[in-house]
K.L.:
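Let me give you the structure first, and then I'll get to my questions.
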Number of protein chains: 2
Amino acid sequence: MSVTIKDVAKNANVSIATVSRVLAGKKEAYSSSTERKVKKAIRELGYKKNTAAVELVTMHSNVIAVLVPTPKTNFAMKIIDSIQKGADMKNLNVIILFVGDNDEKMQIKALNNVIERPVNGILLISVELFGDAVNLLKNSDIPHVFVSTAIDKESQFVSSDDFKIGYEATKFLIEKGHKKIGLSSLEKNSFIGRQRVSGYLAALNDYHLPHSNDWIVEGDYSYESGFSAMQHYKENTDITAVIGASDLVAIGIINAAKQLNINVPNQLAVVSIDGTYLVDIVSPRVTSVTQSFFTMGETALNMLFADENAVSNYMYIPFKIDEREST
Amino acid sequence: MSVTIKDVAKNANVSIATVSRVLAGKKEAYSSSTERKVKKAIRELGYKKNTAAVELVTMHSNVIAVLVPTPKTNFAMKIIDSIQKGADMKNLNVIILFVGDNDEKMQIKALNNVIERPVNGILLISVELFGDAVNLLKNSDIPHVFVSTAIDKESQFVSSDDFKIGYEATKFLIEKGHKKIGLSSLEKNSFIGRQRVSGYLAALNDYHLPHSNDWIVEGDYSYESGFSAMQHYKENTDITAVIGASDLVAIGIINAAKQLNINVPNQLAVVSIDGTYLVDIVSPRVTSVTQSFFTMGETALNMLFADENAVSNYMYIPFKIDEREST
DNA sequence: ACACTTTGCGTAAACGTTTACAATGCCTAC
DNA sequence: GTAGGCATTGTAAACGTTTACGCAAAGTGT
């Protein structure tokens, strides 16, 4: 079988306790000559720690798990990037799991996989948990924070203030002179979707502008749903501006507009929400509500390890509006 | 502390062995009345398996690890997607780890993290391992296969035939009438980079066309490196076509060309390698050598569990050329 | 020379499972 | 009535670590 601490101990002529101490680097507990012997044995035998055994006895690991809906969520990568960097500094290992989108069974499977081992914490990026999955997580007493999403204000989360995003994006367009503004391809029943719609409506209201149900279209943040939303707008409305719920949605709208001979930005102004690198590689480059995904990841990681009582449950990360060529 | 199998046993009035058997679903080994008792106790106590203990005693887990260079590698997501789907069917859990790019220390750290637990297999997507990291992996006797990359033909890998990609992309452009063709932003010293360059040169040679060192530019598959490659071409060459080593590179070239008032495809034809969704959302839409990333992931997973002796070490996945607006 | 402290190391228990083996009771066949 | 078989359950060892505890040797201060 594989090399264990016992083999090392025998080879170095010390006890397993000593080997363990050298491994753990408890410097005050062994002499430098034993250290040499042990390290030599470790090298010669090619010894590898058995993490399962370690975790069993210590009841603790230095792993944090990051759950992401699907590999397609492109902004999530930016968040993961910052989590990874932060974790490296804290000497934590990060593992990422994709939980299927909209599938309670898959969510539960992924959650169980994570809960059944002693992970240090769980970060859920943009995943909306369903019924039983929520309870599973809540009852696990593993610290967890939601990132760029939330189920309610009781659980810990960090995200942008999506009400404000809806509001500011709308306000931005209103102040450019638009009066009929679409809001495209968000999930109306999700926490985030509701917030954004509220913000959007609040802005219209503050400026005494009417609104229409036809202006808000449901969707799933995808390129395709943006593309087809544009068809809907063309046929059913006379909006002059539209907010895409994600970069891809906005790009889908723009490309559909092109196909319909609608000029962006002259006949239709488009603002996207997210501001990933995509907005800069398409043409026209897309004006965006740019979220600080990097900060979001950092903050989430800190929140995970913060004293539970010291911090508030949730945290909003500032965003900004970057004007580009689509408005 | 947390609920263990002992608590369940006590609560259900059976031995821990019985609980374990019910948990494992060894149907022939217990009566349905005990099953009921045990399951009830499990539910009431909210018992969760301790994976560390299980893995310790069984010396085996149903986890496969996927290593990816950085969260930025956008085609990797497609591969991961298929791996995930395949793994779900096989009832395996997938964990993803990002190993830093070009950093031996990080690679070793990530590898150790994985090797030290009983993972079933390791898939390395597009990661080029450095010196010690290679040995670490080879000595671990954990089955592993490289995906969309390789270190040599001795280790198992699945990828496109990058020589052929270089050859076919070049041939495609030659047959469209181009004689001076650039190859942009690949890492000349990587396995893949060398293969593509060879294929490219072979095609030029087969058609009795000259080549120039100025036509091949080193880079890192990024948008930026494509962008700056274009400046180089404009200043130092008179090429009429260029192959971008990735979609982002090609898009960078196209956008830089736009800025330099070079019309694509009329003055410069551009072909990208990869063919992810990006080629369809920019304009002009990019002609691409489209790799079958989905198949690649599937195949890699199968190879991981195939009988070691039955299959050849490596496997090439077919690709195709999709002509779009950039040529 | 003595008592006390420090340094370095070993012994053994514990972590939560799985599983080989043994034990029990019951059933069937003679 | 006895032997053998089967179904169901329990006992205990094992997996590879960490760490509390204890002990010996060496050092220190008087």
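Basis for what follows: all heavy atoms, side chains included, without hydrogens, waters or symmetry-related copies. Labels below follow one simple rule: chain letters A, B, ... track the order of the sequence lines, proteins then strands, and each chain is numbered from 1.
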K.L.:
Send over the distance from A/Asn13 CG to C/dC9 P, rounded to a whole Å.
P.N.:
12 Å
K.L.:
With under 30° as parallel and over 60° as perpendicular, where do the rings of A/Phe157 and A/Phe191 fit, or are they tilted in between?
P.N.:
perpendicular
K.L.:
If you count every heavy atom of other residues, nucleotides or ligands that lies below 6.0 Å from A/Lys6 atom NZ, does the total exceed 12?
P.N.:
no
K.L.:
Tell me which of A/Thr34 and A/Ala53 sits closer to the 5' end of DNA chain C, going by the nucleotide each one is nearest to.
P.N.:
A/Thr34
K.L.:
Quick check on A/Lys109: does its NZ atom have over 12 non-hydrogen neighbours (other residues, nucleotides or ligands) under 6.0 Å away?
P.N.:
yes
K.L.:
Quick one: side chain to side chain donor-acceptor pair (under 3.5 Å) partners of B/Asn112, sequence neighbours excluded?
P.N.:
A/Lys48
K.L.:
A/His60 NE2 to D/dT17 C1': how many Å, rounded?
P.N.:
15 Å
K.L.:
When we call it a touch if two heavy atoms are under 4.0 Å apart, what does A/Glu55 touch: a base, just sugar-phosphate, or nothing?
P.N.:
nothing
K.L.:
When you check the phosphate oxygens OP1 and OP2 of C/dG10, does a side-chain N or O of A/Ser15 lie under 4.0 Å from one of them?
P.N.:
yes
K.L.:
Just by modelled atom types, is the B/Asp7 backbone N or O under 3.5 Å from a matching donor or acceptor in the B/Asn11 side chain?
P.N.:
no
K.L.:
For B/Thr34, check side chain to side chain donor-acceptor pair (under 3.5 Å) against everything at least two apart and list the hits.
P.N.:
B/Ser31
K.L.:
Whole-Å distance between D/dA7 P and B/Glu35 CD?
P.N.:
17 Å
K.L.:
Indicate for each nucleotide in nucleotides 18-24 of chain C, in 5' to 3' sequence, whether protein heavy atoms under 4.0 Å reach the base (B), only the sugar-phosphate (S), or nothing (-).
P.N.:
BBB----
K.L.:
Rounded to whole angstrom units, what separation is found between the CG atom of A/Leu56 and the P atom of D/dA14?
P.N.:
17 Å
K.L.:
Cut-off 3.5 Å, no hydrogens considered: what does the side-chain donor-acceptor table look like for residues 78-85 of chain A, sequence neighbours left out?
P.N.:
unit_1	atom_1	unit_2	atom_2	d
A/Ser82	OG	A/Ile79	O	2.9
A/Ser82	OG	A/Phe294	O	3.0

K.L.:
Which parts of residues 114-122 of chain B get close to DNA chain D, meaning a heavy atom less than 4.0 angstrom away?
P.N.:
none
K.L.:
Other residues, nucleotides and ligands only: do more than 12 of their heavy atoms fall within 6.0 Å of CE on A/Met106?
P.N.:
yes
K.L.:
What's the NZ-C1' distance between B/Lys10 and C/dG16, to the nearest Å?
P.N.:
14 Å
K.L.:
Nearest whole Å is fine: how far is C/dG25 P from B/Tyr30 OH?
P.N.:
24 Å
K.L.:
The side chain of A/Ser31 lies closest to which of these nucleotides: D/dG10, D/dG16, C/dG8?
P.N.:
C/dG8
K.L.:
Can you list, pair by pair, the side-chain donor-acceptor contacts under 3.5 Å of residues 115-123 of chain B, counting residues two or more places apart and other chains?
P.N.:
unit_1	atom_1	unit_2	atom_2	d
B/Arg117	NE	B/Asn113	O	3.4
B/Arg117	NH1	A/Glu55	OE2	3.4
B/Arg117	NH2	A/Glu55	OE2	3.3
B/Asn120	ND2	B/Ser61	O	2.8

K.L.:
In whole Å, I'd like the distance from the CG atom of B/Asp7 to the P atom of C/dT17.
P.N.:
9 Å
K.L.:
Nearest whole angstrom, please: distance from the P of C/dC9 to the CD of A/Glu28.
P.N.:
13 Å
